[in-house]
Amino acid sequence: MKKAPALLLSLAALALAASAQAKVVNIGYSGPLSGGAASYGKDCQSGILMAIDEINAAGGVTVKGEKVTFNLVSLDDRYLPNETATNVKRLTSQGISTIFVPHAGGILTVQPLTTRDPNFLLVAYSSEPKILQANNPMTLMLPPRYDNYVAPFVKQELTTFGKKLGLVGTTSAYGKAWADVVSAEWTKQGGTLGTDNGVDYGTTVDYSSAVTKALAEKPDVLFIGGPSQPTALVVKAAREQGFKGGFIVMDQAKFEQMNQVVPQSYLNGAVGVLPVAQFPGTQVFVNQYSRKYKKIPTSEAALNYMGMNIIAASMVAAGTTDDAVAIRAKVGAAAAALPRGKSIFSVKGVTAQGHVDADVLAAYLKDGTFTKLRLPATLLK
């Protein structure tokens, strides 16, 4: 009996030794970790880190008979595409063959680099359709493209509140692209447009003036959106000026963050991205993430968490951790086979263009209850 503790200690030592002998594979990340977009960049980064921590805690994965654990190498690009390109070259020079980038400007800038020597797999977190239009063979795009949201958003708001749309979105390139597609769809469905009173959500502090100008034209619905916190301040300004209509909220802003800035009642009548906690099968992820990071996970964290799990499974299936082409060839099967608790969406696979093929839902908020809106499947391809 006295030998039992010694035996247990020996087994523990062997386990530690085996863990220490595991091959460590570096995964790259280039995103905004300082400046105005730092909160967004860190949300994306946290999802990747959580997946890596879980994989490593479970002993890693086995790739062609070899035990593998992961490490994230993160570089700050301050949301600047030229710095993304510099970071990617630095990461690939270190032998890193999988790199996450969470903004459209950076993604579009580095896509041409993916097929050069050395090539790498680009995991893209952005809903910009141009990423798919590039037909880049080494890109895996995680979120739904933003034009998927537009038709159901417009139909819901126009039929519920009326035909006049005011615009107070952010004036970033992404915000302007959203405003253009919303405006086109709004008129296509029979609505009329007010003046575009968009402002820079990154520098504006007081939104009252822009909202006042928009409301002077008596809109039934306002198009708004940018980062969650300033978007909530636009909602606040509109409600406090007596606006009773609806909101079309672009996908950058998240309800679960906005309702920490303004009462959820202010958001009644809004359409936007369905909170992660409202997707079936996400409760374990939400609880674990909330405990680990002391905040509610949005799709930035959730989809990057899903993305890292897809990459790990693809490496196992491909039998390699450094052949980016072979890993890319396995992402479809890996995504389709991913356990529900690690996939967030109900994932079917990956399209030929490199887009995660999933059943994606949006949300209409009324009286504190989210009604799920299904996005058109034809645009998901």
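This structure is a prediction, so every number in the text was calculated from the model and none was measured.
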Using every non-hydrogen atom in the two residues, find where [X] and [Y] come nearest and quote the distance to one decimal.
| X | Y | answer |
| --- | --- | --- |
| V63 | M315 | CG1-O, 3.6 Å |
| V249 | A253 | CG1-CB, 3.6 Å |
| A85 | T109 | CB-CG2, 4.1 Å |
| P144 | S127 | O-CB, 3.0 Å |
| F120 | I99 | CD1-CD1, 3.8 Å |
| T115 | P137 | CG2-CG, 3.9 Å |

Is [X] reaching over with its side chain to a backbone N or O of [Y], donor-acceptor style, under 3.5 angstrom?
| X | Y | answer |
| --- | --- | --- |
| T69 | A22 | no |
| N87 | D76 | yes |
| S343 | F345 | yes |
| T139 | N135 | no |
| N136 | L132 | no |
| W186 | T192 | yes |
| R340 | P280 | yes |

Under a 3.5 Å cutoff, is there a donor and acceptor pairing between the side chains of [X] and [Y]?
| X | Y | answer |
| --- | --- | --- |
| S290 | K295 | no |
| E54 | Y305 | yes |
| W178 | D147 | no |
| N197 | T195 | no |
| D357 | T351 | no |
| D206 | S208 | yes |

Taking only residues two or more places apart in sequence, or in another chain, which ones meet [X] in a side chain to side chain contact (heavy atoms under 4.5 Å, CB included)?
| X | result |
| --- | --- |
| E83 | D77, R78, L80 |
| N71 | V24, N26, V73 |
| A337 | none |
| K176 | T171 |

Using side chain to side chain donor-acceptor pair (under 3.5 Å) as the criterion, list what pairs up with [X], not counting sequence neighbours.
| X | answer |
| --- | --- |
| E300 | Y125, K254, T298 |
| Q288 | none |
| Q241 | T212 |
| T62 | K67 |

[atom1]-[atom2] distance between [X] and [Y], expressed to the nearest 0.5 angstrom:
| X | Y | atom1 | atom2 | answer |
| --- | --- | --- | --- | --- |
| T98 | I311 | OG1 | CD1 | 5.0 Å |
| F247 | Y364 | CZ | OH | 11.5 Å |
| D359 | L375 | CG | CG | 10.0 Å |
| Q264 | N259 | CD | CG | 5.0 Å |
| E128 | K130 | CD | NZ | 5.5 Å |
| F370 | E256 | CZ | CD | 7.5 Å |

Item to check | Audit row: S46, Y289, side chain to side chain contact (heavy atoms under 4.5 Å, CB included) steps and yes/no | outcome: CA-CA 9 Å; S46 67; Y289 183 93; 2.6 Å; yes
Checklist entry - Under the side chain to side chain contact (heavy atoms under 4.5 Å, CB included) criterion, do H355 and V350 qualify, and how do the steps go? => result CA-CA 5 Å; H355 193 197; V350 174; 5.8 Å; no
List, one per line, each side-chain donor-acceptor pair under 3.5 Å for residues 162-170, sequence neighbours excluded.
residue, atom, partner, partner atom, Å
K164, NZ, E217, O, 3.0
T170, OG1, Y201, N, 3.2

Next on the checklist: Using 30° and 60° as the class boundaries, would you call the ring planes of Y174 and Y146 parallel, tilted or perpendicular?
Outcome noted: perpendicular
Under 4.5 Å between any side-chain heavy atoms of [X] and [Y], yes or no?
| X | Y | value |
| --- | --- | --- |
| K366 | T371 | no |
| I107 | F100 | no |
| E157 | T160 | no |
| T114 | L121 | no |
| F285 | K342 | no |
| V271 | L373 | yes |
| L122 | L140 | no |
| P32 | Y40 | yes |

Item to check | ring-ring contact (aromatic ring centres under 6.0 Å, His included) pairs, two or more places apart, involving residues 63-88 | outcome: Y79-H103
Item to check | Pair listing, side chain to side chain donor-acceptor pair (under 3.5 Å) test, anchored in residues 266-283, at least two apart | outcome: Q283-N287
Next on the checklist: By the side chain to side chain donor-acceptor pair (under 3.5 Å) test, which pairs, at least two apart or in different chains, include something from residues 218-230?
Outcome noted: S228-Q257
Item to check | Stepwise side chain to side chain contact (heavy atoms under 4.5 Å, CB included) check, Q111 with I131 | outcome: CA-CA 8 Å; Q111 273 186 312; I131 295 167; 3.7 Å; yes
Item to check | Hydrophobic cluster identity match, L303 and I296, side-chain contacts under 4.5 Å | outcome: no
Item to check | Trace of the side chain to side chain contact (heavy atoms under 4.5 Å, CB included) decision for K89 with S93 | outcome: CA-CA 6 Å; K89 290 173 184 176; S93 73; over 6 Å; no
